[in-house]
**Student:** 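I have a structure here, written as structure tokens, and I will follow up with some questions on it.
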Amino acid sequence: MELKEAAQKLGVHYQTAYRWIRAGQLKAYKVGNTYQVTSEDLLDCLSKRNCPIAPPSGIKVRNWEHQASRLKEYLLSGNEAGARALILKVAEGGTEIIAASENLISPVFRELGEMWSTGKITIASEHRATAICERALACMMQNLRGRPRGIAVIGTPPGDQHSLPTSMATAALRSQRWLVHHIGTQVPPEDFIFIAKEVAATLIVVTLTHTPALDQANQIETLAKTQGIRSLVGAPGMTIRTLVELANARPIVDNSIAAIP
Ligand code: B12
């Protein structure tokens, strides 16, 4: 591709990309008066830089199972650059985050969960894999221009330490033009509501992976209702696609009842 296109995909000005070539940070070939950059070199540059802003050119995934097994290998060997480049590539830099979550990240983590529960991998390997995926997802979280669909607050209730689903939900909703406040794990119900009111949230998303925390999730839902804020509570087995569909759909019940002062 031409340097102009590469710069666009890197999310930088043409002159910046040119400077990177001069500095040896981006590989390019001079053809006549122009510079050409290959997709591989673009990805290499993206994975070396901390947080790419714009999408690299995507690939059409024919065999998700094959890609999932590659991701598993990268995660188990701690090959962060490989895992990140693969996730960014199949997720088309963030635009296909839903497909990447469902077909790539979730199946791999289900497998890692099995390996962990049967003692085939240690908790250290699991933590490393989770951290690698969270950083890859962070690289895809672009702030899309234009009017947001709404303002969402995403987190887990007290008792649920699983953070990756909150990151996936955040990346997915941001890719759908939601303005998301990602508040992480184990947030007390009152604080969930406090921040939701503070940022004038129109939606609260409670991710639930550890089912004993359901009571706390229900409390958040109840409190949200009293404040007239729509809420969605996840459950193991529910998908990111369902979340996006529910979030983007108009609320079936209008719960915009008078807020308690
Ligand atoms: C990583 C991990 C951990 C890490 C978490 C680290 C971290 N920083 O996140 C740690 C080590 C802390 C951990 C702890 C535990 N874990 Co754990 N963990 C996992 C693992 C391997 C991955 C979790 C994950 O990130 N999943 C992400 C994806 C893969 O899950 P998903 O369901 O597809 O997520 C989707 C939905 O949540 C959806 N979604 C999100 N939000 C919303 C909202 C709405 C409205 C909708 C519709 C959808 C939606 O989008 C997500 C992405 O597609 C899973 C394995 C698994 N099958 O998931 C076990 C797993 C969830 N853990 C399990 C267990 C048992 C535990 C512990 C109880 C172990 C223990 N004895 O201490 C503790 C509980 C801790 C707690 N109180 O929360 C079990 C749960 C079994 C069960 N049926 O409840 C699993 C399934 C492993 C297993 N096979 O046994 N865990």
Side-chain angles (χ1 to χ4, degrees), residues 64 68 71-72 75-76 83 87 90-91 94 96-138 140-141 150 152-176 178 180-188 192 196 201-218 220-221 224-225 229-249 251-253:
W64 281 105
L71 178 63
K72 192 176 97 182
L75 292 177
L76 288 178
I87 293 172
V90 301
E96 290 299 331
I97 179 71
I98 301 168
S101 288
E102 271 184 15
N103 303 325
L104 192 68
I105 302 174
S106 283
V108 169
F109 274 84
R110 276 196 290 274
E111 237 185 286
L112 295 187
E114 281 310 306
M115 292 174 80
W116 168 48
S117 64
T118 51
K120 290 192 185 114
I121 59 167
T122 63
I123 201 162
S125 291
E126 169 283 309
H127 275 17
R128 181 175 61 185
T130 302
I132 289 174
C133 280
E134 297 216 281
R135 282 192 289 271
L137 285 165
M140 284 187 252
M141 294 195 198
V153 170
I154 300 182
T156 76
D160 193 336
Q161 296 172 18
H162 298 89
S163 58
L164 191 54
T166 66
S167 302
M168 284 199 248
T170 299
L173 287 192
R174 283 190 182 158
S175 77
Q176 297 284 306
W178 280 83
V180 180
H181 294 265
H182 181 200
I183 58 172
T185 59
Q186 309 218 64
V187 182
F192 231 113
T202 51
L203 178 69
I204 286 178
V205 177
V206 185
T207 288
L208 193 74
T209 310
H210 185 54
T211 41
L214 180 63
D215 274 358
Q216 295 285 322
N218 287 341
I220 297 168
E221 195 174 33
K225 218 171 191 170
I229 307 171
R230 190 160 69 109
S231 62
L232 295 169
V233 178
M238 286 177 97
T239 67
I240 237 33
R241 191 174 300 276
T242 309
L243 165 64
V244 168
E245 281 167 6
L246 290 172
N248 289 351
I252 302 163
V253 182

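In listed order, ligands and their atoms are each counted from 1. What's counted below: heavy atoms across the whole structure, side chains too, no hydrogens, waters or symmetry copies.
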**Student:** Can any side-chain N or O of Gln186 pair as donor or acceptor with the backbone N or O of Gly159 at less than 3.5 Å?
**Tutor:** yes
**Student:** Under a 3.5 Å threshold, yes or no: a donor from one side chain and an acceptor from the other, between Ser167 and Thr170?
**Tutor:** no
**Student:** Check each heavy atom of Ser106 against ligand 1 and say whether those closer than 4.0 Å belong to the side chain, the backbone, both or neither.
**Tutor:** both
**Student:** Which ligand 1 atoms does Met168 reach within 4.0 Å, using its non-hydrogen atoms?
**Tutor:** 27 (C), 28 (C), 52 (C)
**Student:** May I ask you to test the Ile87-Leu71 pair for a side-chain heavy-atom distance under 4.5 Å?
**Tutor:** yes
**Student:** Please check atom 27 (C) of ligand 1 for a protein heavy-atom neighbour under 4.0 Å.
**Tutor:** yes
**Student:** Any non-hydrogen protein atom below 4.0 Å of atom 35 (C) of ligand 1?
**Tutor:** yes
**Student:** Counting only nitrogen or oxygen atoms and a 3.5 angstrom limit, does Ser163 reach ligand 1?
**Tutor:** yes
**Student:** Nearest protein heavy atom to atom 55 (C) of ligand 1: under 4.0 Å?
**Tutor:** yes
**Student:** What protein heavy atom sits nearest atom 76 (C) of ligand 1, and how far away is it?
**Tutor:** Gly159 O, 3.4 Å
**Student:** Show me which atoms of ligand 1 lie under 4.0 Å from any heavy atom of Thr209.
**Tutor:** 61 (C)
**Student:** At a 4.0 Å threshold, what atoms of ligand 1 neighbour a non-hydrogen atom of Thr130?
**Tutor:** 1 (C), 7 (C), 8 (N), 9 (O)
**Student:** Going by the atom numbers of ligand 1, which of them fall below 4.0 Å from some non-hydrogen atom of Met238?
**Tutor:** 35 (C), 36 (C), 38 (C), 47 (C), 48 (C)
**Student:** Scan the protein's non-hydrogen atoms and note whether one is under 4.0 Å from atom 9 (O) of ligand 1.
**Tutor:** yes
**Student:** Check whether any protein heavy atom sits under 4.0 Å from atom 83 (N) of ligand 1.
**Tutor:** no
**Student:** Could you tell me whether Ser101 and ligand 1 have an N or O pair separated by under 3.5 Å?
**Tutor:** no
**Student:** Would you confirm whether any non-hydrogen atom of the protein falls under 4.0 Å from atom 86 (C) of ligand 1?
**Tutor:** no
**Student:** Given that the side chain starts at C-beta and the backbone is N, CA, C, O, which of these parts of Val233 lies under 4.0 Å from ligand 1, counting heavy atoms, or is it both or neither?
**Tutor:** backbone
**Student:** Please check if a non-hydrogen protein atom sits closer than 4.0 Å to atom 61 (C) of ligand 1.
**Tutor:** yes
**Student:** Could you tell me if any non-hydrogen atom of His127 lies under 4.0 Å from any atom of ligand 1?
**Tutor:** yes
**Student:** Does the residue Glu126 have a heavy-atom contact with ligand 1, meaning some pair of atoms that are separated by less than 4.0 Å?
**Tutor:** yes
**Student:** Could you check whether any side-chain N or O of Arg230 sits under 3.5 Å from a backbone N or O of Ala247, counting only pairs where one atom can act as donor and the other as acceptor?
**Tutor:** yes
**Student:** Can you tell which part of Leu243 has a heavy atom less than 4.0 Å from ligand 1: side chain, backbone, both or neither?
**Tutor:** both
**Student:** Do protein heavy atoms approach atom 78 (O) of ligand 1 to less than 4.0 Å?
**Tutor:** yes
**Student:** Side chain or backbone of Ile123 under 4.0 Å from ligand 1, or both, or neither, by non-hydrogen atoms?
**Tutor:** side chain
**Student:** With a heavy-atom distance limit of 4.0 Å, tell me whether Gln161 approaches ligand 1 through its side chain, its backbone, both, or neither.
**Tutor:** both
**Student:** Among side-chain atoms of Thr130 and Glu126, is any donor-acceptor pair under 3.5 angstrom?
**Tutor:** yes
**Student:** So which heavy atom in the protein is nearest atom 5 (C) of ligand 1, and how far is it from that ligand atom?
**Tutor:** His162 CD2, 3.7 Å
**Student:** Just by modelled atom types, is the Glu102 backbone N or O under 3.5 Å from a matching donor or acceptor in the Ser106 side chain?
**Tutor:** no
